[in-house]
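Some notes on the structure that comes next.
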Number of protein chains: 2
Amino acid sequence: MTDKSSPASLSPTELEAYFALIEVSSLVRHTVEEQLRNAGGLSYVQFQLLATLGDSPDGSRRMTELADGVVYSRSGLTYQVGLLEKAGLVVRSPSADDDRGVTVTLTAGGRDVLARVFPGHIDGLRQLLFEPLTSEDVDSLARVLTIVRDHMRSNPPRSAKPRRKGAAPRPASGDA
Amino acid sequence: MTDKSSPASLSPTELEAYFALIEVSSLVRHTVEEQLRNAGGLSYVQFQLLATLGDSPDGSRRMTELADGVVYSRSGLTYQVGLLEKAGLVVRSPSADDDRGVTVTLTAGGRDVLARVFPGHIDGLRQLLFEPLTSEDVDSLARVLTIVRDHMRSNPPRSAKPRRKGAAPRPASGDA
DNA sequence: CGTTAGTGCTTCGAGTTCGAAGCACCCGAA
DNA sequence: TTCGGGTGCTTCGAACTCGAAGCACTAACG
């Protein structure tokens with residue numbers, strides 16, 4: 001980290017990869033979002049939340065886990081979970097071992113909606129994203145993206161930013 | 001094409017690729033957004049717009065081109081271009097050949113901001129996205145994502161949705 | 001035990017985003 | 001020409017999002 005010998009630009013291929021990544025993910029998101037809205041009145045984030053909960057054996061997660069899994073601000077998460085709760089798809093309960101914590105749990109209705117929406121979601125993805133790819137392509141994609149994800153996860157910029165205090169994790173980078 | 005024998009689920013690898021795609025792009029976006037905000041008071045979208053304009057030989061684009069390139073709603077684009085114009089980074093002018101059209105052009109100030117912000121942007125990307133990847137990885141990533149992007153572009157779900165007409169459940173309020 | 005630091009979640013205000021509706025204009029047909 | 005449909009952009013209202021600040025609790029330390 002002492003020597004920043006990185007040139008001020010990326011290779012053409014890197015740029016291409018970056019732009020394509022952004023465009024593809026945006027398009028996927030938009031398309032899927034629309035499909036979800038029609039199918040079950042869910043926003044993309046809400047679907048992600050339900051799906052994350054459904055992924056858990058007991059259908060429960062802590063708020064923080066949800067925020068990390070969905071890359072969402074805490075406050076936004078509070079808002080969305082509030083909506084889902086109002087819609088009866090999840091319930092909030094105080095965490096067992098930590099009185100500060102809140103556990104979010106999928107209700108039967110939540111599972112229902114999830115089950116109703118999922119097939120269309122999958123199908124949309126298949127057509128939009130995977131149709132033109134060979135299984136080899138999918139392999140590379142998954143492999144490379146997983147590498148990147150793990151790299152990012154192990155790096156600081158998570159949602160769990162240390163609250164600005166004494167220890168400055170901010171390396172005062174070129175701030176004017 | 002006549003038989004849609006697609007199963008209702010995706011392979012594990014496909015799911016993995018999908019989830020990683022979403023998480024990576026979200027993280028990239030968030031991180032970059034924060035960096036941009038510190039460096040130049042730009043949101044990610046604003047940066048994308050400036051960069052798109054900067055990419056054009058004469059620094060101009062039509063609104064629709066911008067919306068397509070950035071995957072943005074038309075109204076959101078209007079809003080953001082309004083902000084950029086107010087900040088003096090772009091100007092709007094009526095299109096030459098089509099009176100409906102609006103051409104957005106980068107100003108000197110806009111180029112300036114872009115130039116000031118770009119290095120940090122690139123550097124952030126390098127560390128966040130490309131550091132753990134070999135050039136081979138980058139190649140695959142770019143290749144596969146480009147395939148997907150082209151596929152998506154050639155498919156209907158662009159911003160140019162045909163406007164709903166005839167079969168409208170619209171009450172007879174105005175005119176028909 | 002008390003104090004201080006740190007964490008989990010929510011509230012708050014301001015800014016952003018979207019789709020639908022609307023206006024102005026282009027184009028093809030009669 | 002005059003229509004009638006389609007396109008380009010903006011306006012509008014409602015919903016979403018975020019960071020900062022705040023509250024409640026736990027953990028570390030004497």
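Keep in mind that the numbers below use all heavy atoms, side chains included, and drop hydrogens, waters and symmetry copies. Residue numbering restarts at 1 for every chain, and letters A, B, ... go by the order of the sequence lines. Keep in mind the model is a prediction, meaning the values are calculated, not measured.
For the OP1/OP2 pair of D/dT17 and a distance below 4.0 Å, the side-chain nitrogens and oxygens of A/Q80 include at least one atom meeting the criterion. Between B/T64 and the phosphate of D/dC9, there is a side-chain N or O to OP1/OP2 separation shorter than 4.0 Å. Residue A/H30 places at least one side-chain N or O closer than 4.0 Å to OP1 or OP2 of C/dC18.
One interatomic measurement links the two molecules: CD of A/Q46 to C1' of D/dT17, which rounds to 13 Å at whole-angstrom precision. Residue B/R37 contributes atom CZ, which lies 13 Å from atom C1' of D/dA20 at whole-angstrom precision. Between A/E34 atom CD and C/dT17 atom C1' the separation is 15 Å, expressed in whole Å. Atom-to-atom, CD of B/E85 to P of D/dC9 comes out at 14 Å; the value is rounded to the nearest Å. Between the P atom of C/dG15 and the CG atom of B/L42 lies a distance of 16 Å, rounded to the nearest Å. Atom P of nucleotide D/dT17 and atom CD of A/Q48 are separated by 10 Å, given to the nearest angstrom. Whole-Å rounding puts the A/Y72 OH to C/dC9 P distance at 17 Å. For B/L36 and D/dC18, the CG to P distance is 16 Å, given to the nearest whole Å.
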Could you list the protein-to-nucleotides 10-13 of chain C atom pairs, N/O on both sides, closer than 3.5 Å?
unit_1: C/dT10; atom_1: OP1; unit_2: A/R92; atom_2: NH1; d: 2.6
unit_1: C/dT10; atom_1: OP2; unit_2: A/T78; atom_2: OG1; d: 2.7

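Every pair passing salt bridge (charged side-chain N to carboxylate O under 4.0 Å, His left out) that includes a residue from residues 37-55 of chain A is listed here, sequence neighbours excluded: A/E33-A/R37. The ring-ring contact (aromatic ring centres under 6.0 Å, His included) analysis of residues 18-60 of chain A, with sequence neighbours excluded, yields the pairs A/Y18-B/H121, A/F47-A/F118, A/F47-A/H121. Within the structure, ring-ring contact (aromatic ring centres under 6.0 Å, His included) pairs that include any residue of residues 84-104 of chain A do not occur (at least two apart or interchain).
If you take CG on B/L128 and CD on B/Q35, they are separated by 10.5 Å, rounding to the nearest 0.5 Å. Atom CG of A/L83 and atom CD of A/Q46 lie 5.5 Å apart (nearest 0.5 Å).
Legend: residues meeting side chain to side chain contact (heavy atoms under 4.5 Å, CB included) with A/T52, ordered by chain and number and at least two apart, are A/R61, A/L66, A/V70.
Remark: A/E16 does not engage B/R143 in a salt bridge, criterion side-chain N to carboxylate O under 4.0 Å.
For A/S93 and A/T103, the side-chain atoms include no donor-acceptor pair closer than 3.5 Å.
The hydrophobic clustering, which links ILVMFWY residues whose side-chain heavy atoms are closer than 4.5 Å, places A/L133 and B/L145 together.
Checked against D/dT17, D/dC16, C/dG8, the side chain of A/L83 finds its nearest nucleotide in D/dC16.
The residue B/L66 sits apart from the nucleic acid: no heavy atom pair falls under 4.0 Å.
In the region residues 94-101 of chain A, proximity to DNA chain C at under 4.0 angstrom, judged on heavy atoms, holds for A/R100, A/G101.
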